[in-house]
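Input: a single structure, listed below in structure tokens.
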Amino acid sequence: MNTRQRRLRAGFTLVETAIAATLFGVVVLGILMVSARDDQRSKAGLTIGVAEMRAQQMLAALQEEFVHARGAAPRAVLTQALSSNDTAGITVDSTLGFPDSGLLLIDRGNGSIERVRYAQLDATRTRFLGLTRGEQCTTANSHSSGADVLWVGLAEPILLQSSPPAALFDGRARSSTGPVFFRGDGAGFSYRVPVDPAGGADYLAAGNVRWGANVAHVGLEAGWAAVVFVPRFTYEESTLGFDLNADGDTLDVFDIGQLQRRTWDTSDPTAPPSELGLGPTVIVQERCNWGGDLNGDGFDDPMFLWNADTRRLHVKIHVLGQSSSNAPIMRAVETTIFLRNVPES
Amino acid sequence: MAENETSRARRVFRGRERARTRHNRQGITMLEVSLALTILVIALVATTASNMRMHSLQRSNRDRVVAQNAVQAIAETVQAIARKGVTAPNGFGNYVVTALAAGGELGPAFDVPELNPVAGETRVGSVVVITDETSSDGTLGAALGLPRDLNGDGDALDTNVTASAHLLPVVITLRWRNQAGDQRIVHPFYVFGY
């Protein structure tokens, strides 16, 4: 057998086989790694994209809802002193515009600040009933008659915008016309829309618009509406080991929730309200600091900032998604809506 | 004769058998392995490039959504300014023009967080209010139906209707830069002084 024949019969040497196998293995491993990474990135992109798309749809729905609405600024004044252990009710000058249940901010701007949850309004429109005291990291305090009561949904610019004292404002937000000092938490918006009790599209009565809300598919002139943030679950930075709001620590706790439209009958507080979820449960708010800075830009981020004077409602929603490294990621969508109708007085 | 043919046939068969055996023992050549690897690498590069392009498009889409929201927000702000201008002591036109001028409530330019201005610009967005009835859509680069009578005097010849305008055209332009290059959105609309 000559050399040529031996070579032909020999096939691969062990070294050649090893080199070929190594090369092949490296390339296949590379393909698998790149594919896995691309797959992860695609899934992350899809997750974030879907969350953003839904948030965008939510913005569009809110715009459609609000553009013909009359915005309200639910605030009241205590007409009777409230002791720290009273859970029966709070008496104020008017509960009009406050949702059928929710959270109140009492005595904001001083050492007696307290958030109080109420379960119901009463028919006289002057009392909040069924109280849970000391909510959202506040403690139950006594409050004197004349104290300010705000619905936590409200965030409104304060009058003094130039170097205001700290007690006057709760935050500083960025709007389309520049930074704005505001008070309140901005976790919702209260309003009324034109209604036709007959279920049609005749919103006028004697030349005036009939304002109210659709409660259980019926246009009620005594109806009222609000979009509210409803927390559903908790995100703890310490548990997940990720600094979600980029503030340099992993100590914060966040409420992840949903925006919900509630409509209720102000003339009959016992009637069940109508509830409608406006999007996915991906909206982020820092626990005990609703409306606080979420993206580390030094500005607070109330979801709804209502300027009744200019009729401008600034809406900013932070949604939670998942990044390519499986870490959570927040994205914000925001817009400003000019409400064409005169606000509630 | 028949035996010869049989022997020849056997020889041919044995020859083919030997060749097949030789071929089977030969295995894959380095050239074949190289070709296979090249094809795999090309496929890998193509897939990666496609994915990178997809992510770039996602980012571009995100930027465009942010830009559209910003345009929407500024347009609504201008509408709100115009509504206040209806009852302003110095008149609708003056109020709107002042609010959209440098130092005004909104100003002539604005930033959009997350968007980067194009080269040579410091701001992403601009707001221009048109007070010249004789302006044309062609010169403005926006479909507004100009020239048009803006102050209700029956002609479209006035070059400055600030003091007498009943309606004013406004053009919001957003220009930003991303991986896909320079991007632009132009949003023309009217505000009404009644």
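Here the structure is a predicted model, which is why all the values come from computation and not from measurement. Below, chain A is the first sequence line, B the second, and so on; all start at residue 1.
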Largest heavy-atom contact set with chain A, pairs under 4.5 Å, which of [options]:
options	answer
B:Arg59, B:Arg62, B:Glu105	B:Arg62
B:Thr48, B:Val112, B:Leu106, B:Thr77	B:Thr77
B:Gln72, B:Gln79, B:Arg83	B:Arg83

Can you tell me how far the CG atom of A:Leu313 sits from the CZ atom of A:Phe338, to the nearest 0.5 Å?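 CZ of A:Phe338 is found 12.0 Å from CG of A:Leu313.
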Between CE of A:Met53 and CG of B:Asn61, what distance do you get to the nearest 0.5 Å? 12.0 Å
Quick check on [X]: does its [atom1] atom have over 12 non-hydrogen neighbours (other residues, nucleotides or ligands) under 6.0 Å away?
X	atom1	result
B:Met54	CE	yes
A:Leu159	CG	no
B:Arg53	CZ	no

Please look at A:Leu339 and chain B and tell me whether the side chain, the backbone, both or neither of the residue comes under 4.5 angstrom of a heavy atom of that chain. neither
Is it the side chain or the backbone of A:Asn307 that comes within 4.5 Å of chain B heavy atoms, both, or neither?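 Contact with chain B is absent: no heavy atom of A:Asn307 under 4.5 Å.
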Output the option from A:Asp309, A:Val315, A:Val67 having the highest count of non-hydrogen pairs under 4.5 Å with chain B. A:Asp309
A:Gln63, A:Arg174, A:His314: which one forms the most heavy-atom pairs within less than 4.5 Å of chain B? A:Gln63
Does the cation-pi check pass for A:Arg172 over A:Phe181, that is, NZ or CZ under 6.0 Å from the six-membered ring centre and within 45° of its axis? yes
Let me know if B:Gln58 has heavy atoms under 4.5 Å from chain A in its side chain, its backbone, both or neither.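 Only the side chain of B:Gln58 comes within 4.5 Å of chain A.
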What part of B:Leu40 gets closer than 4.5 Å to chain A, counting heavy atoms only: side chain, backbone, both or neither? both
